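FYI, side chains are in, hydrogens and waters are out, and symmetry mates aren't considered; it's all heavy atoms of this structure. What you see is a predicted model; the values in this text were computed from it and never measured.
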Amino acid sequence: MSRKNGSGSKIAGPAGYLAGLAPSGPSQRQLRVGEEVRRVLAEVFARTTFRDPDLVDVALTVTEVRLSPDFRHATVFITRLGRSDVAELLPALKRVAPWLRTQLAHKIRARTVPELHFQPDTALDTAMHMDTLLRSPEVQRDLGASSEDEEPED
């Protein structure tokens, strides 16, 4: 019986590995554990006042958590609704990551608790930019021209 060595299951580079990206996508277990980690971190951010001066009175939203295939690393995507200065908070989040990992260990049942890596979530900004582009007069003109070229069928 031959076994696959799994060398083709990961995207090259540590970024793809840490983000839990594989050609076949994340497993059901990765998705389930990632959602549990997201829920616990969101609860901790909502109920905790941090001692770090950069995180005092900062409301963060955890939008997504991607786990690596070995469950040792979690990429946590965060955002501040209505503000775009999340990148400035990344050093402070890196400082409190060991404490957050301890809080995770108390609240989830897992063999290993993942090491947390924080990234700003830019999906909302990208969506708003795309919406702005689609509503621009140039695009509306092009969309109107393409619908006029089509003749109605009888």
As a quick check of understanding, evaluate side-chain contact (heavy atoms from CB on, under 4.5 Å) for Thr75 and Val65, giving each step before the final call. CA-CA 6 Å; Thr75 303; Val65 175; over 6 Å; no
Hey, mind stepping through Val37 and Leu104 against side-chain contact (heavy atoms from CB on, under 4.5 Å) and telling me if it holds? CA-CA 7 Å; Val37 169; Leu104 272 176; 4.0 Å; yes
Apart from Leu133 itself, its cluster of hydrophobic side chains linked below 4.5 Å comprises Met130
d(Leu116 CG, Leu100 CG) to nearest 0.5 Å is 6.5 Å
Could you report the tightest heavy-atom contact between Pro26 and Gln30, atom names first, then the distance? CA-OE1, 3.3 Å
Pairwise distance NE2(His129) to OG1(Thr132) - rounded to 0.5 angstrom: 7.5 Å
Atom of Phe118, atom of Ala97 and distance for their closest heavy-atom approach: CE1-CB, 4.1 Å
Charged N to carboxylate O under 4.0 angstrom, Glu35 versus Arg32? no
What closest approach, in Å, do Asp121 and Phe77 show between heavy atoms, and which atom pair accounts for it? CB-CB, 3.9 Å
Distance in Å, Thr61 OG1 paired with Leu41 CG, rounded so as to fall on 0.5 Å steps: 12.5 Å
When rounded to the nearest 0.5 angstrom, what distance separates CZ in Arg80 from CD in Glu88? 8.5 Å
Tell me the closest heavy-atom pair linking Leu67 and Ala74, and the distance in Å. CD2-CB, 3.5 Å
Under 4.5 Å between side-chain heavy atoms, chaining through other members, with only Ile, Leu, Val, Met, Phe, Trp and Tyr counted: pull out the rest of the cluster around Leu31, sorted by chain and number. none
Nearest heavy-atom neighbours spanning Gln140 and Leu134: NE2-O, 2.7 Å
Is the count of non-hydrogen atoms from other residues, nucleotides or ligands lying under 6.0 Å from Arg72 atom CZ greater than 12? no
Thinking salt bridges, do Arg66 and Glu64 make one under a 4.0 Å N-O criterion? yes
Do the side chains of Leu93 and Ile78 get nearer than 4.5 Å, heavy atoms only? yes
Minimum heavy-atom distance Leu89-Asp54, with the two atoms named: CD2-O, 3.5 Å
Drop me the distance from Asp52's CG to Arg95's CZ, to the nearest 0.5 angstrom. 4.0 Å
Give every donor-acceptor pair under 3.5 Å between a side-chain atom in residues 43-51 and any protein atom, sequence neighbours left out.
| residue | atom | partner | partner atom | Å |
| --- | --- | --- | --- | --- |
| Glu43 | OE2 | Lys107 | NZ | 3.4 |
| Thr48 | OG1 | Val44 | O | 2.8 |

Here the gap from Ser68 atom OG to His117 atom NE2, rounded to the nearest 0.5 Å, amounts to 8.0 Å
Step through the shown structure and confirm whether more than 12 heavy atoms of other residues, nucleotides or ligands are within 6.0 Å of CZ on Arg29. no
Taking Glu138 first and then Arg141, would you say they form a salt bridge - that is, a charged N and a carboxylate O separated by under 4.0 Å? no
